[in-house]
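Working notes, structure below.
What you see below is based on every heavy atom in this structure, not just the backbone, and it leaves out hydrogens, waters and symmetry mates. Predicted model only: the values in this text are computed from it and were never measured. Atoms within a ligand are numbered from 1 in the order they appear, just like the ligands themselves.
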Amino acid sequence: MKRRVFLTRAAAGAAAGAVAAPAIAQSQPQIHWRLASSFPKSLDTLYGAAELLVKRVAQATAGKFQIRLFAGGEIVPGLQVLDAVQNGTVECGHTAPYYYIGKDPAFAFATALPFGLNARQQNAWMYYGGGMRAMADLFAEYGCIQFPGGNTGAQMGGWYRKEIQSVEDLKGLKMRIGGLGGQVLARLGVVPQQIAGGEIYQALERGTIDAVEWVGPYDDEKLGFHKVARYYYYPGWWEGGPQLSLIVNLKKWAELPEAYRGVFEAACAESNVHMLARYDAGNPAALRRVVGGGAQLRVFPRPVLEACLDAANELYAELSAKSAHFKRIFEGWSRFRADQFLWFRVAESAYDNFVFQSATRRPAKK
Ligand code: CA
């Protein structure tokens, strides 16, 4: 092969490519979408993930694909984002799918199940453990498709006016709690309430509720819960690694040029990484501040955790009997969870247990 001929052709090809790229960009249509978030602007980690997404999509398409972002309640109530995307009021939304467990309990798998996966395990399940496929079949029935778009990491167990020293102390407690955690606690006497982020403080202040869980120190401090409840419990066993999702109307998704679909998916993945990083970076200082402000940290007593675990397992058996989607997804998810827990008990858990606690350790005597 004549090297010179090859190089000439390659150069011509490269030049043609350089010319063709802007031509392709110009041939892409201008598209305007609307995105309804479930969250108020004040919660900059949650709302911020959607802000990052719309910014990146516009940037990567040279401004051709514009998505206008609306905070929770602006055009759609925070807990009705799925409905709005399904009926085409908006093309896409950013929400916690477990807000829709009233439609089908299987929506919880796209956020969190009590005693379920941590943030890394949730990503592993979604991207490589069959989670995307499993959820696609459910969301398609609602005319939507979902993509992971954020995670808070393990949450706190919430704010309580009185201490929880035994299972007995849960009886009659009116508590704002998201997802299936409320159904587990209901079996132990709690009266769960699902209230959108922007409305919780008032409910707690007015005494409509006795306890509240939201996310963790970074958000909870902003919402001011430490001013109206003293005891701050952990861990939030119902949300070991809750995921937020970008959901898109399937018809609109199909109409989108393939290049824009690629950009959108990449931006979702970026939002997914950034939300978790932002929480992890912000939580330590916020925890110090709320404790400095008088919050009393408490760990849930082991008998309470064990009673909740038993109640969760009973609930899963019931939900599997009620929802074909739940049964189908739970089987694969359970196997995946068992494998993850086995692996995380080895290197991850040994590392975390030693290193996190050694921060307060004195040097060994020689
Ligand atoms: Ca929560």
Any idea which N/O/S atom from E239 gets closest to the Ca ion (ligand 1)? OE1
Looking at side-chain heavy atoms only, is the closest gap between Y100 and V81 below 4.5 Å? yes
From the N, O or S atoms in E213, identify the one nearest to the Ca ion (ligand 1). OE1
For ring-ring contact (aromatic ring centres under 6.0 Å, His included), just list the numbers for F39 and Y47, CA-CA rounded to whole Å, side-chain angles, deciding distance to a tenth of an Å, and then say yes or no. CA-CA 6 Å; F39 311 107; Y47 183 81; 8.8 Å; no
Would you check if the Ca ion (ligand 1) lies under 3.0 Å from any N, O or S atom of W214? yes
Please examine the side chains of I209 and I200, heavy atoms only from C-beta on, and report whether any two atoms are closer than 4.5 Å. yes
Can the ring centroids of F109 and F326 be said to lie less than 6.0 angstrom from one another? yes
With a cut-off of 3.0 Å, does Q155 place any N/O/S atom under that distance from the Ca ion (ligand 1)? yes
